[in-house]
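Take a look at the structure set out below.
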Number of protein chains: 2
Amino acid sequence: MSDLLERLRGRGWRLTAQRRVVAEVLDGDHVHLTADEVHARAAARLPEISRATVYNTLGELVSLGEVLEVSTDGRAKRYDPNAHRPHQHLVCSRCGAIRDIHPGGNPLADLPAGERFGFTVSEVEVTYRGLCPGCARAAHGPDPA
Amino acid sequence: MSDLLERLRGRGWRLTAQRRVVAEVLDGDHVHLTADEVHARAAARLPEISRATVYNTLGELVSLGEVLEVSTDGRAKRYDPNAHRPHQHLVCSRCGAIRDIHPGGNPLADLPAGERFGFTVSEVEVTYRGLCPGCARAAHGPDPA
DNA sequence: TTCTTGACTTAGACTGTGTCTACTGTAGGA
DNA sequence: TCCTACAGTAGACACAGTCTAAGTCAAGAA
């Protein structure tokens, strides 16, 4: 993640304790935190950080292209630091767990011209839904209730 | 849409004026209204209908499988009556216009086993984003501002 | 090192979307 | 007609996110 901090400094980003903590919280693979979760984890290290700062910082990271905003459930948006490698999401319909996946192929090519309604199409978002291994076991196994 | 009303009656749904108006508002192709828009249009025909009734009725239509809930912008959910024909969405990133599209192929098959993390995958949601013809013209043409 | 400046942060009010609750209305059977 | 259960209502509440005004601080200049 120091890469990210370096890139941000290179872009003239003023580096404050708050921004550093938010960037650090977003480090890792398969990280998809809501703004409130980011705030909670940031506040564990820097108790006085405010919600507005977390929203501001997340918004800046998104517009700099360093973080992706994903909304898989129609509720809170989630923030995904894995922005430099195009990927899709696999979501558990029961517990909400999210995994990043990297299928081959280019889904944009699957859209025939006749279905484009004259749109200039530039992006595709693909979300696979199903049950994660744990929830599938719970659904099939002997019901302990 | 009288099909829908017939189906609902067949399921023992008590058909009231409020429910009929909500179902009628959702008639048509490429219809993707927010709950508030449904409420506004329903209230034009039945002024005393309440917001809670619109939410309740939409929720019932969704759980009966007659209407789909889609959230393309992370803001308000939209309700899509085109639930009996599997389809995907094409969204204008500028004005938010939504079109239903029906590409061939089965996107589920594009997900190799090695990328499934043990999930039992049952659905795919695909959203294409770009500019609709009107917004593309506005972006390219001589700026009238 | 100290000063200056403008960008950054803060608390809290505000908005939009959706849910819940307690009460009222009403369709249809006894 | 009366009863009962389901449907509808208004309004309070909850959650996610945005905005504002005022205070704070990082970083360059002297």
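Predicted model, so just to flag it, every value in this text is computed and none were measured. Throughout, a chain's letter reflects where its sequence line sits, starting with A, and its residues are numbered from 1.
Ala83(A) is linked by a side chain to side chain contact (heavy atoms under 4.5 Å, CB included) to Leu68(A), counting only residues two or more places apart in sequence or in another chain. Residues satisfying the side chain to side chain contact (heavy atoms under 4.5 Å, CB included) criterion with Val31(A), sequence neighbours excluded, are Leu26(A), Leu33(A), Pro81(A). Partners of Pro112(B) by side chain to side chain contact (heavy atoms under 4.5 Å, CB included), not counting sequence neighbours, listed by chain and number: Pro103(A), Glu115(B). Scored by the side chain to side chain contact (heavy atoms under 4.5 Å, CB included) test, Glu69(A) finds Val62(A), Lys77(A), Tyr79(A) as partners (sequence neighbours excluded). For the side-chain hydrogen bond (donor to acceptor under 3.5 Å, both in side chains) test, residues two or more places apart in sequence or in another chain that qualify with Glu125(A) are Arg129(B).
Scanning DNA chain D 5' to 3' for nucleotides with an atom closer than 4.0 angstrom to a non-hydrogen atom of chain A gives a first and last hit of dA16(D) to dA27(D).
For the pair Glu48(B) CD and dT24(C) C1', the computed distance is 14 Å after rounding to whole Å.
With hydrogens and angles ignored, a donor-acceptor pair under 3.5 angstrom links the side chain of Arg51(B) to the base of dG18(C).
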List, with names and distances, any nitrogen or oxygen atoms from the protein found under 3.5 Å away from nitrogen or oxygen atoms belonging to nucleotides 28-30 of chain C.
none

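Between Arg19(A) and the phosphate of dT9(C), there is a side-chain N or O to OP1/OP2 separation shorter than 4.0 Å. Look at Tyr55(B) and you won't find any side-chain N or O under 4.0 angstrom from OP1 or OP2 of dT19(C).
When heavy atoms are screened at a 4.0 angstrom cut-off, Thr53(B) is found touching base atoms of the nucleic acid. Using a 4.0 Å heavy-atom distance criterion, Ala52(A) is classed as a base contact.
Side chain of His87(A) to main chain of Asn82(A): a donor-acceptor pair is present (N/O by atom type, distance under 3.5 Å, no hydrogens or angles).
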Check: residues 52-59 of chain A side-chain donor-acceptor pairs under 3.5 Å, at least two apart:
from, atom 1, to, atom 2, distance (Å)
Thr53(A), OG1, Ser50(A), OG, 3.2
Asn56(A), ND2, Ala52(A), O, 3.3
Thr57(A), OG1, Thr53(A), O, 2.8

Tabulate below the donor-acceptor pairs under 3.5 Å that side-chain atoms of residues 12-21 of chain A make, not counting sequence neighbours, or state none.
from, atom 1, to, atom 2, distance (Å)
Thr16(A), OG1, Arg19(A), N, 3.2
Arg19(A), NH1, Arg14(A), O, 3.0
Arg19(A), NH2, Glu60(A), OE1, 3.0

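Nearest to the side-chain atoms of Lys77(B) among the listed nucleotides dA13(C), dT19(C), dT9(C) stands dT19(C).
For residues 83-106 of chain A, no residue pair satisfies the salt bridge (charged side-chain N to carboxylate O under 4.0 Å, His left out) rule, not counting sequence neighbours.
When hydrophobic residues (I, L, V, M, F, W, Y) are linked wherever their side-chain heavy atoms come within less than 4.5 Å, the members clustered with Val91(A) are Ile98(A).
In terms of position on DNA chain D, the residue among Ala17(B) and Arg75(B) whose nearest nucleotide sits closer to the 5' end is Ala17(B). Of the two residues contacting DNA chain C, namely Val54(A) and Ala76(B), the nearest-nucleotide position lying further toward the 5' end is that of Val54(A).
Taking every heavy atom of residues 34-46 of chain B and every atom of DNA chain D, no pair lies under 4.0 Å.
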Exercise for the section: Please assess Arg41(A) against Glu24(A) for the test salt bridge (charged side-chain N to carboxylate O under 4.0 Å, His left out), listing each intermediate value before the final yes or no. Expected result: CA-CA 10 Å; Arg41(A) 295 186 189 201; Glu24(A) 284 171 359; over 6 Å; no
